[in-house]
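Below is one structure, written out as structure tokens; the observations come after it.
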Amino acid sequence: MNDNKQLPSTTGAWVLMVLCLLYGVSPVDIIPDIPVVGQIDDLIILASGGLNLVQRYMERAESSLATVVKVVKWIVIALGAIVILLLALFAVAIVNLFM
């Protein structure tokens, strides 16, 4: 290993993971905690934080898997955003249906 190369810090990734865990246990959510649907945003945020932490450690180990983890992390984030937007659209349609 090259001693002159500075290793990326994992402090930011740990802070983000702790914030994701706090969001997971917090009563304040993007989607209210109704069964199954309410846990989707918690799962997406926790998965993103965990994948970010794994990616940072893979980068420190100079592993080529860091790129794969990075791609998977962004796929999870993109799919999560799509699911949350679709649920919001569905909620608006339900509200407009009964008004």
*asked:* Same cluster or not: L65 versus V76, using hydrophobic residues (I, L, V, M, F, W, Y) connected whenever any side-chain heavy atoms lie under 4.5 Å apart?
replied: yes
*At their closest point, which heavy atom of L46 faces which heavy atom of M17, and how far apart are they?*
O-CE, 4.2 Å
_Is there a path of hydrophobic side-chain contacts, each under 4.5 Å between heavy atoms, that joins L16 and L21?_
no
*Rounded distance (nearest 0.5 Å) linking atom CG of L89 with atom CD1 of I94*: 10.5 Å
_Minimum heavy-atom distance S9-R60, with the two atoms named_ = CA-NH1, 4.3 Å
*State, to 0.1 Å, how close K73 and L51 come at their nearest heavy-atom pair, and which atoms those are.*
CA-CD1, 3.7 Å
_Which heavy atom of C20 sits nearest to which heavy atom of G49, and what is that distance?_
SG-CA, 3.8 Å
*Kindly compute the distance separating OG1 (T67) from CD (E59), expressed to the nearest 0.5 Å.*
8.0 Å
_Hphob cluster co-occupancy, V72 + M58, side-chain heavy atoms under 4.5 angstrom_ = yes
_Hydrophobic cluster membership, with links at side-chain heavy-atom distances under 4.5 Å among I/L/V/M/F/W/Y: are Y23 and I40 in one?_
yes
*Gap between atom CG of L79 and atom CG of L86 - 0.5 Å precision*: 10.5 Å
*Roughly how far, to the nearest 0.5 Å, is the CG atom of D41 from the CD1 atom of I84?*
5.5 Å
*Would you call I77 and I44 a side-chain contact if the rule is heavy atoms closer than 4.5 Å?*
no
*CZ of F90 to CG of L85: how many Å apart, nearest 0.5 Å?*
15.0 Å
*Any idea which heavy atoms bring R56 and A13 closest together, and the distance?*
CB-CB, 4.0 Å
